[in-house]
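Report on one structure; see the data block that follows.
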Amino acid sequence: MTGSPSLSIREIAARGIPFALIARDGETVEVLTGEVVDVELLADIPLLDDTGTPREVLALVPFRQVRERGFACHDDGAPLRCLVVDSHTAIPRGDALTELPTEPIALEDAGFDIADDEYADIVRRVIADEIGRGEGANFVIRRDFTAGVPTDAATAALTWFRALLEHERGAYWTFAIVTPGHVAVGASPEAHVSAQDGVVTMNPISGTFRHPAGGATAETLAEFLRSTKETEELFMVVDEELKMMSAVCSDGGRITGPHLKEMSRLTHTEYVLRGRSRLDPRDILRETMFAPTVTGSPMQNACTVITRHERTPRGYYSGVAALFTPRPSTSSAAGDAGEPSHDLDAPILIRTAYLVDGRLRVPVGATLVRHSDPDGEVGETHGKAAGVLGAIGAIPRDRVAESAAVDEDEPAAEPRVLADDPDIAALLGSRNSRLAAFWLNPQASGDGPFAGRSALVVDAEDRFTTMLAHQLRHLGLDTRIIAWGDVTDEQIDAAELIVSGPGPGDPRDLESARMRRMRDVVARRRASGRPLLAVCLSHQILADALGIGLAPLAAPHQGLQKTVDVFGRPASIGFYNTFTAQVAPGVSRVGDADIAADDTGAVYALRGPGFASVQGHLESILSRDGMTTLERLVSQALAPVVA
């Protein structure tokens with residue numbers, strides 16, 4: 001990537017050549033041109049030419065690709081669009097600014113596709129009918145700001161890109177991608193996933209602080225950082241992305257942070273997750289589709305909930321722009337040698353404007369959790385839409401906020417970095433005192449107390465099982481995961497330890513094939529007397545089989561951290577449950593099972609001959625005592641049963 005393009009940016013646009021402009025280092029604008037190829041599957045992204053030589057590809061990955069993981073979506077047929085790069089050059093940012101048009105582009109017939117009161121009603125339904133019935137911890141439901149654009153697409157793209165380049169700060173990628181019939185222009189704050197030299201990085205961002213008129217201050221930001229909703233929202237998306245990291249990285253992933261992502265009009269909180277992987281970058285992308293910050297958790301059920309409550313397909317919103325770059329050391333035989341041939345850099349497609357057939361679309365969503373305020377979530381979508389529209393110059397910018405970001409006495413000074421404020425840094429750092437050291441520290445491998453033994457984890461559509469399996473491996477267990485619909489009776493019988501996993505939904509719903517099968521798994525192991533560990537949903541199923549009643553909680557415990565007594569020891573554990581097993585206060589035993597319950601009778605754990613269970617998620621970052629509690633319960637399940 002050297003030199004300048006043979007044609008200017010304007011000449012490229014005028015000739016109708018497919019192109020992309022990307023600013024990601026603050027100093028230069030990368031100019032990519034090439035041929036457009038639409039493919040059906042991620043595996044079809046053409047990373048090698050006809051001779052087997054690696055080549056660079058920029059792919060626009062639509063939300064509909066979640067079908068590759070078997071997840072639900074409104075399928076709009078949006079293509080997996082690949083720009084097969086034949087020229088990749090860079091020019092100084094200042095030179096790019098002089099080339100790009102500055103005249104603002106007026107919008108026509110502008111407004112949201114869903115009225116405010118209708119969107120507020122959707123929020124209420126999701127809280128009551130989805131979160132309130134155990135379908136998940138959080139969900140992102142979008143609506144679109146739309147408008148007519150009375151100019152040609154390429155001119156609009158260059159104009160908006162220039163506005164972003166000049167006025168936006170803190171973006172991970174600022175970009176314009178112009179291909180036949182489609183334009184995408186944005187400033188994404190968030191790298192969804194990258195892979196470089198075998199190191200995979202994810203960057204969960206959550207919590208949105210909209211700068212007040214005149215700009216953000218340490219005082220106004222501190223109030224935001226103290227918000228329980230915003231803090232728990234970030235913890236939940238970190239948990240969800242750790243599920244993905246544990247699926248693609250041999251070392252599971254370590255978290256660092258939290259940090260602030262400071263942009264011109266918004267500030268977000270974020271963590272960074274890193275781990276090592278030898279997977280093909282297309283496989284990494286498939287296993288991490290898509291970010292929970294723009295979908296929800298658990299991921300599979302979030303897609304189902306989105307399909308129920310969003311009226312139209314998402315297009316590219318919440319997908320990614322994925323740049324696959326050949327590694328310098330690779331050759332045509334790189335894949336055969338077991339090494340990936342490309343590095344990957346894939347920001348999330350949010351804070352992005354789309355232009356198709358003269359119509360602008362700016363999709364925005366709010367993250368709905370158990371204590372969301374419908375009117376507040378309406379306001380969040382307005383703020384996000386205004387942030388994009390102001391950034392691209394489609395509506396007036398907050399000039400006061402922009403000038404407040406710089407010291408008036410030193411006009412050339414860098415924007416103030418609020419994260420450097422001691423009080424802000426202390427507030428951010430204090431969050432980690434709540435989290436599990438296992439995920440914050442290097443995860444040195446070792447034999448573990450159960451070395452030489454094995455476990456089969458049955459996944460009930462919550463990929464917390466990938467984190468759980470990772471922890472079980474650190475305890476020494478040879479562990480594999482199998483989906484509830486794939487596990488056979490023979491596998492259930494043969495496994496040394498069955499870990500019956502968590503999942504969304506009402507454990508009492510006998511119309512659900514998933515619930516019936518998970519009941520079969522628990523019953524079959526109980527009948528055999530062979531070791532069983534049941535987690536969350538499966539804990540509730542085990543309790544029901546023991547004659548303990550199940551009931552919905554008055555308020556869902558989605559992303560809630562509690563310290564509870566687990567058979568004589570206090571344990572700080574993260575909970576993601578809407579239902580609970582319930583006994584009369586003071587009851588500590590039913591049949592052959594010991595019960596760990598609080599003074600209201602809510603059951604947190606069970607143990608008996610050949611079995612143990614826990615309501616919380618010991619694998620969650622919220623479970624400070626997760627590993628020690630998991631080791632205790634596995635020991636209980638594996639203990640020889642005395643006849």
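- Judged by distance alone, the side chain of Glu310 and the main-chain N or O of Arg142 form a donor-acceptor pair under 3.5 Å.
- Between Pro507 and Arg519, the closest heavy-atom pair is O-NH2, 3.0 Å.
- Under a cutoff of 6.0 Å and an axis angle of 45°, Arg508 and Phe579 do not form a cation-pi pair.
- Checked against the 6.0 Å centroid criterion, the rings of Phe145 and His382 do not qualify as a close aromatic pair.
- In terms of modelled atom types and a separation under 3.5 Å, the side chain of Glu240 and the main chain of Met299 share a donor-acceptor contact.
- A ring-centre distance under 6.0 Å is not found for Tyr354 and Tyr317.
- Using modelled atom types, one side-chain atom of Arg514 and one backbone atom of Ala460 make a donor-acceptor pair closer than 3.5 Å.
- Counting non-hydrogen atoms of neighbouring residues, nucleotides and ligands closer than 6.0 angstrom, the CZ atom of Arg69 exceeds 12 such neighbours.
- In this structure a side-chain-to-backbone donor-acceptor pair under 3.5 Å is present from Asp239 to Ile621.
- Considering OG1 of Thr256 and NE2 of His259, their distance stands at 4.5 Å, rounded to 0.5 Å.
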(message) With salt bridge (charged side-chain N to carboxylate O under 4.0 Å, His left out) as the criterion, how do Asp489 and Arg517 come out once you've worked through the C-alpha distance, each side chain's angles and the decisive distance to 0.1 Å?
(response) CA-CA 10 Å; Asp489 288 347; Arg517 185 54 175 159; 3.0 Å; yes
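- Remark: of the listed residues Arg370, Glu130, Gln558, Gln558 is the sole one forming a side-chain hydrogen bond (donor to acceptor under 3.5 Å, both in side chains) with Thr578.
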(message) Is there a side chain to side chain donor-acceptor pair (under 3.5 Å) between His557 and Gln615? Walk through the geometry before answering.
(response) CA-CA 11 Å; His557 289 172; Gln615 176 60 76; over 6 Å; no
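- With Thr600 contributing its side chain and Asp598 its backbone, the two residues share no donor-acceptor pair below 3.5 Å.
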(request) Give the C-alpha distance, both sets of side-chain angles, the deciding distance and a yes or no for salt bridge (charged side-chain N to carboxylate O under 4.0 Å, His left out) between Arg361 and Asp113. (result) CA-CA 10 Å; Arg361 186 173 72 95; Asp113 61 339; over 6 Å; no
(message) Using salt bridge (charged side-chain N to carboxylate O under 4.0 Å, His left out), reason through Lys243 and Asp462 one step at a time and then give a plain yes or no.
(response) CA-CA 9 Å; Lys243 298 176 188 179; Asp462 188 338; 2.7 Å; yes
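- Here His474 and Phe438 bring their ring centres to under 6.0 angstrom of each other.
- Ser538 and Met518 make their closest contact through OG-CE, 3.4 Å (heavy atoms, listed as atom of the first residue, atom of the second, distance).
- Each of Leu542, Ile498, Val458 was compared with Arg525 under the side chain to side chain contact (heavy atoms under 4.5 Å, CB included) criterion, and only Ile498 meets it.
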(request) Evaluate the salt bridge (charged side-chain N to carboxylate O under 4.0 Å, His left out) criterion for residues Arg524 and Asp493: first the C-alpha distance (whole Å), next the side-chain angles of each, then the deciding distance (0.1 Å), finally the verdict. (result) CA-CA 8 Å; Arg524 194 172 185 93; Asp493 294 340; 2.7 Å; yes
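- Ring-centre distance between Phe112 and Tyr119: not below the 6.0 Å cut-off.
- Here the straight-line distance linking atom OG of Ser297 with atom CG of Asn138 works out to 3.5 Å at 0.5 Å rounding.
- For Ser623 (side chain) and His617 (main-chain N/O), a donor-acceptor pair under 3.5 Å exists by modelled atom type.
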(request) Run the numbers on Asn301 and Glu461 for side chain to side chain donor-acceptor pair (under 3.5 Å), then give the verdict. (result) CA-CA 8 Å; Asn301 218 43; Glu461 296 185 7; over 6 Å; no
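- Closest non-hydrogen pair, Pro79 versus Tyr316, comes out as O-OH, 2.6 Å.
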